[in-house]
Amino acid sequence: MDISNYLYLSALLFTIGAVGVVVRRNAIVVFMCIELMLNAANLAFVTFSRINGNLDGQVASFFTMVVAACEVVVGLAIIVTIYRSRRSASVDDASLLKR
Amino acid sequence: MLNLALHVGATKTPEAVLFWFLAPLAVIAALGMLMAKKAVHSALLLAWVMITLAIFYIAQDALFLGIVQIVVYTGAVMMLFLFILMLVGVDSSDSLVENIKGQRPASIAAAIGMGGLMVTLIGRASLGRSAVGLVAANTNGNVQGLAEQLFTKYVWAFEVISALLITAALGAMVLAHSQKVRSRTGQRDLSIARFRGDSLASAAGLPSSGVFARHNAVDVPALLPDGSAAPTSISSVLKARGDMIESAIFELQPKEEEEN
């Protein structure tokens with residue numbers, strides 16, 4: 001098996017996550033799809049680290065995990081705040097500027 | 001070998017078996033996450049994808065990242081997701097009606113284009129040499145090697161990311177904090193409301209459910225001395241949820257006079 005198969009898998013997972021961000025309406029599911037995209041990027045980082053034979057890619061992947069944790073904490077707090085005022089977690093319901 | 005293909009070296013057979021067993025499962029789980037109607041199912045499938053990726057990390061000599069992936073992602077992040085799901089509406093499933101006409105086919109077509117672009121890019125990219133592997137970089141151990149990088153070359157990024165973490169924690173606290181609009185009602189206020197109100201009907205407290213009722217369940221109203229049901233004896237939460245049984249069937253019917 002070629003090592004680049006990991007890169008193909010990463011591209012596939014990233015694409016699936018991108019579709020989810022655009023198609024799904026539930027804000028929490030949209031967040032989960034963003035997590036999937038970040039994970040796919042991490043897999044590519046780890047694979048590149050192995051191809052190049054140094055640990056820089058793994059360090060980048062480590063930083064991505066920290067940033068993802070921050071993003072989840074703040075994003076979920078925003079979702080809870082929106083839910084508290086609007087009683088809905090759907091991204092389509094927050095359309096106050098349209099009207 | 002092809003001059004354009006990314007010839008980066010082959011792996012050993014066990015890793016190939018692992019990959020071809022787990023990679024389709026990961027893709028199927030990711031697609032299921034995309035299509036699952038209930039958000040909880042999406043969360044569980046995403047947890048499975050993350051565990052699969054952790055196994056791939058460990059197979060690729062990234063032991064530390066594999067363990068961190070399981071501890072941080074499936075342990076902390078997914079639990080946070082499930083917690084918020086339970087809080088915000090576990091039963092709110094997505095509506096399948098499109099708000100913007102033709103959004104779904106257009107986005108799927110765009111995704112196929114993007115995915116095809118990335119796949120062909122990987123297929124045509126050339127590194128010019130074979131994969132090095134991490135055996136040399138991991139001679140002192142993976143964790144030690146990562147620590148060396150983190151505290152020498154990337155120490156500035158490490159400091160910045162600690163500031164980011166603190167900022168995120170503060171932001172979450174600010175967002176979760178809600179200011180009280182009214183002051184808390186104390187015992188004195190409750191007492192005044194009870195005795196100086198319009199009527200003294202509830203001055204002695206509301207009747208509790210099940211008192212003189214035919215059942216002692218909390219959703220069965222108490223009976224008043226005249227045999228009629230007391231709807232105030234049932235918690236307003238049960239009423240709001242619609243869990244209350246119709247109280248009319250529990251009322252006592254006056255005995256008919258013809259019996260004598």
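Residue numbers begin at 1 in each chain, while the letters A, B, ... track the order of the sequences.
In this structure a side-chain-to-backbone donor-acceptor pair under 3.5 Å is present from B:Q103 to A:V22.
Looking at B:V88 and A:I28, their side chains come closer than 4.5 Å, going by heavy atoms from C-beta outward. Inter-residue side-chain proximity for B:V132 and A:I51 is flagged as unmet; no heavy-atom pair is nearer than 4.5 Å. Counting heavy atoms from C-beta on, the side chains of B:I84 and A:Y83 never come closer than 4.5 Å. With a 4.5 Å cut-off on side-chain heavy atoms, B:F19 and A:L9 count as touching. Under the 4.5 Å side-chain criterion, counting only non-hydrogen atoms from C-beta, B:L53 is not in contact with A:N42. Counting heavy atoms from C-beta outward, B:M118 and A:S10 have side chains that stay 4.5 Å or more apart. Taking 4.5 Å as the limit, every side-chain heavy atom of B:L164 sits out of range of all side-chain heavy atoms of A:V66. Using a 4.5 Å heavy-atom cutoff, the side chains of A:L55 and B:N142 are in contact.
In this pair, A:F63 and B:Y154 present their aromatic rings perpendicular. The plane angle is above 60°, beyond the 30 to 60° band. Taking the six-membered ring where tryptophan is involved, the planes of B:F64 and A:F62 are tilted, since the angle between them lies from 30° to 60°.
Interface check for chain A: of the options B:F81, B:F83, B:W20, the most heavy-atom pairs under 4.5 Å are formed by B:F81. When the candidates A:V73, A:N5, A:I78 are compared by the number of heavy-atom contacts under 4.5 Å with chain B, A:N5 comes out ahead. Of the listed residues B:I161, B:V135, B:L80, the one with more heavy-atom pairs under 4.5 angstrom with chain A than any other is B:I161. The candidate with the highest count of non-hydrogen atom pairs below 4.5 Å against chain A, out of B:A76, B:G115, B:G133, is B:G133. Ranked by heavy-atom pairs under 4.5 Å with chain A, the list B:T167, B:L31, B:V174 is led by B:L31.
Both the backbone and the side chain of B:A157 come within contact range of chain A, each with at least one heavy atom under 4.5 Å from a heavy atom of that chain. Neither the backbone nor the side chain of B:A136 comes within contact range of chain A, judged by heavy atoms closer than 4.5 Å. Heavy atoms closer than 4.5 Å to chain A are found in the backbone of B:H177, but not in its side chain. Using a 4.5 Å cut-off between heavy atoms, B:A43 contacts chain A through both its backbone and its side chain. For a residue to count as touching a neighbouring chain, one of its non-hydrogen atoms must lie under 4.5 Å from one of that chain's; by this rule B:V49 touches chain A with the side chain only. Neither the backbone nor the side chain of B:E148 comes within contact range of chain A; no heavy atoms are under 4.5 Å apart. The parts of B:L34 that come within reach of chain A are both its backbone and its side chain, each placing non-hydrogen atoms under 4.5 angstrom from that chain.
Interatomic distance, CZ of A:F48 versus CD of B:Q60, reported as 11.0 Å (0.5 Å rounding). Note: A:I3 CD1 to B:E15 CD = 7.0 Å, rounded to the nearest 0.5 Å. One finds the CD atom of B:Q69 at 4.5 Å from the CE atom of A:M65 (value rounded to the nearest 0.5 Å). Separating the OG1 atom in A:T15 from the CD1 atom in B:I112 is a distance of 10.0 Å, to the nearest 0.5 Å. Distance check, rounded to the nearest 0.5 Å: CD of A:E35 to CE of B:M50 gives 5.0 Å. Taken to the nearest 0.5 Å, the CG atom of B:L165 stands 4.0 Å off from the SG atom of A:C70.
Defined by atom type and a distance below 3.5 Å, a donor-acceptor pair is missing between the side-chain atoms of B:D61 and A:Q58.
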